[in-house]
Amino acid sequence: MTIITRFAPSPTGYLHIGGARTALFNYYFAKHNKGKFLLRIEDTDQERSSQEAIDAILESMKWLGLNWDQDVVFQSKCQKRHTQIAADLYKQGKAYYCQCPKEQLQEMRETAMKEGRQPGYDGRCRDKGHTTGALRLRTPDEGSVNIEDEIQGKVTIQNDHIDDMVILRSDGTPTYMLSVVVDDHDMGITHIVRGDDHLTNAFRQYHLYSAMGWTMPTMAHMPLIHGQDGAKLSKRHGALGAETYRDMGFLPEAMRNYLLRLGWGYGDEEIISDARATELFTLDRIGKSPSRFDLKKLEHLNAHYIRESDNDRLLKMITPLMDEKLGKSLSDTQKSWILQGMDGLKQRAKTLIELADNAAFYAYDLPIEIRDEKAEKFADTESRSIIKNLIGDLENLNEWTHDSLHTVAKEYSEKQDLKLVKIAQPIRVALTGTTVSPGVFDVLEIFGKEESLKRLKDFAR
Ligand code: GLU
């Protein structure tokens with residue numbers, strides 16, 4: 001049997017963290033089983049759906065590398081088929097028309113609540129033989145439904161808790177519950193992995209599957225994500241759209257690794273590559289209790305993936321950020337300096353934004369602005385005169401390498417009876433405007449003699 005999973009977002013907003021995780025789990029589960037991962041946009045609620053949201057969801061999915069198989073299925077395009085199925089159920093006597101006005105349904109609900117019963121439709125139109133109205137599925141009053149959920153285990157609900165749900169509204173449009181079941185069946189979905197907020201729907205869907213004589217896909221309802229404080233995740237906790245994380249400078253592979261670990265685990269492995277996740281992903285490793293969203297962990301993983309990342313790729317990713325920050329386009333020379341310095345830069349960046357910030361000095365124009373108080377301390381008259389004196393030695397240097405530069409500075413410090421840091425820090429400030437940067441002799445080597453002396457002379461002026 002080919003395993004076929006799906007992600008079925010309603011396009012009413014961006015792809016949020018919970019949705020992205022659901023998509024990821026379905027993706028890995030399909031990949032692990034050499035199956036298929038399909039995407040269905042549940043756009044039946046035309047009023048709440050928007051093209052903008054559809055675009056945002058597709059873009060985020062692509063950014064996250066959650067490549068789906070086959071064409072995207074748009075639920076709204078399958079409406080005819082949904083209506084057809086409803087008509088079949090009616091013909092077979094498994095569904096009936098109900099003409100109860102809204103107020104009556106409301107009254108029914110209130111009375112049931114007052115009497116301590118489950119609120120719901122009481123089936124009064126079942127045998128009235130109406131031929132118009134809202135179409136309801138006839139569901140059993142007795143017995144119970146058992147679902148063997150891959151995560152929750154065996155879950156049972158008494159049938160008297162499930163009322164005869166509407167499958168076609170009185171205007172003839174199919175309801176969400178009907179559409180989901182028909183589409184999942186038609187798409188050949190074998191496994192449904194989704195948030196446990198859909199667990200009660202599963203019982204209703206069960207009755208639709210049995211009325212149609214279809215096999216229900218295997219269900220796996222996973223606990224929702226909570227914030228650090230244990231409350232259900234909301235915007236306040238960082239439940240932002242996936243594209244916001246991209247804009248915050250997170251790498252897609254860090255995001256995937258983070259989302260994977262948010263509810264799924266393999267021993268105490270924290271860093272899990274795509275290949276490893278594909279190799280290991282089974283549903284029995286999904287946790288039963290809610291996981292907590294933790295931005296620090298995400299940053300930690302991101303720092304790891306930045307370090308692991310190819311330098312050219314990093315340069316490509318930070319170039320637009322730097323252009324925007326500096327208000328100019330990086331020149332080819334500046335790009336090559338950054339590329340040469342990338343090994344040092346990427347050791348200290350948690351996000352691409354930080355990486356771009358840390359790389360900015362390579363592209364500064366003269367005069368180099370002194371950027372903070374600490375740097376001010378190394379831009380005093382004493383420091384400037386140290387640099388002035390050093391320039392002579394540097395000008396005579398033929399071989400402009402880390403080691404030869406280090407030797408010149410060291411010899412100078414010994415001659416003047418100064419600590420090396422008394423020389424290194426002013427050089428750093430002259431080159432970068434700050435006291436934090438990659439190794440100062442590395443930076444000198446990367447800039448080369450001409451640019452280095454230009455910056456040092458301007459500083460010593
Ligand atoms: N469209 C539903 C949602 O966005 C998901 C339905 C399902 O997975 O069955 O919550």
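The first residue of the sequence shown is numbered 1, and numbering continues consecutively from there. For ligands, and for the atoms within them, numbers begin at 1 and follow the listed sequence. This structure is a prediction, so every number in the text was calculated from the model and none was measured.
Ion pairing between a basic and an acidic side chain is recognised when a charged N comes within 4.0 Å of a carboxylate O; D184 and R40 show such pairing. Salt bridge annotation for R313-E253: present, with a cationic side-chain nitrogen under 4.0 angstrom from a carboxylate oxygen.
Ring centroids of Y362 and F447 are separated by less than 6.0 Å, placing the two rings close together. Taking the six-membered ring where the residue is Trp, the centroids of Y305 and F250 are separated by 6.0 Å or more.
Annotation: atom 9 (O) of ligand 1 to nearest protein heavy atom, R194 NH1, 2.6 Å. Nearest protein neighbour of atom 1 (N) of ligand 1, counting heavy atoms only, is E42 OE1, 2.5 Å.
At least one N/O-N/O distance between A8 and ligand 1 falls below 3.5 Å.
Applying the salt bridge (charged side-chain N to carboxylate O under 4.0 Å, His left out) test to K325 and every residue at least two apart in sequence or in another chain returns D357.
Listed by number with element, the atoms of ligand 1 under 4.0 Å from a non-hydrogen atom of R6 are 7 (C), 8 (O), 9 (O). For ligand 1, the atoms lying closer than 4.0 Å to a non-hydrogen atom of S10 are 1 (N), 2 (C), 3 (C), 4 (O).
Ring planes of H185 and W214: parallel class, angle under 30° (limits at 30 and 60°).
Taking only non-hydrogen atoms, the option from H198, H221, M219 nearest to atom 10 (O) of ligand 1 is H198.
In this structure, Y176 counts as a contact residue of ligand 1, since one of its heavy atoms falls inside 4.0 Å of the ligand.
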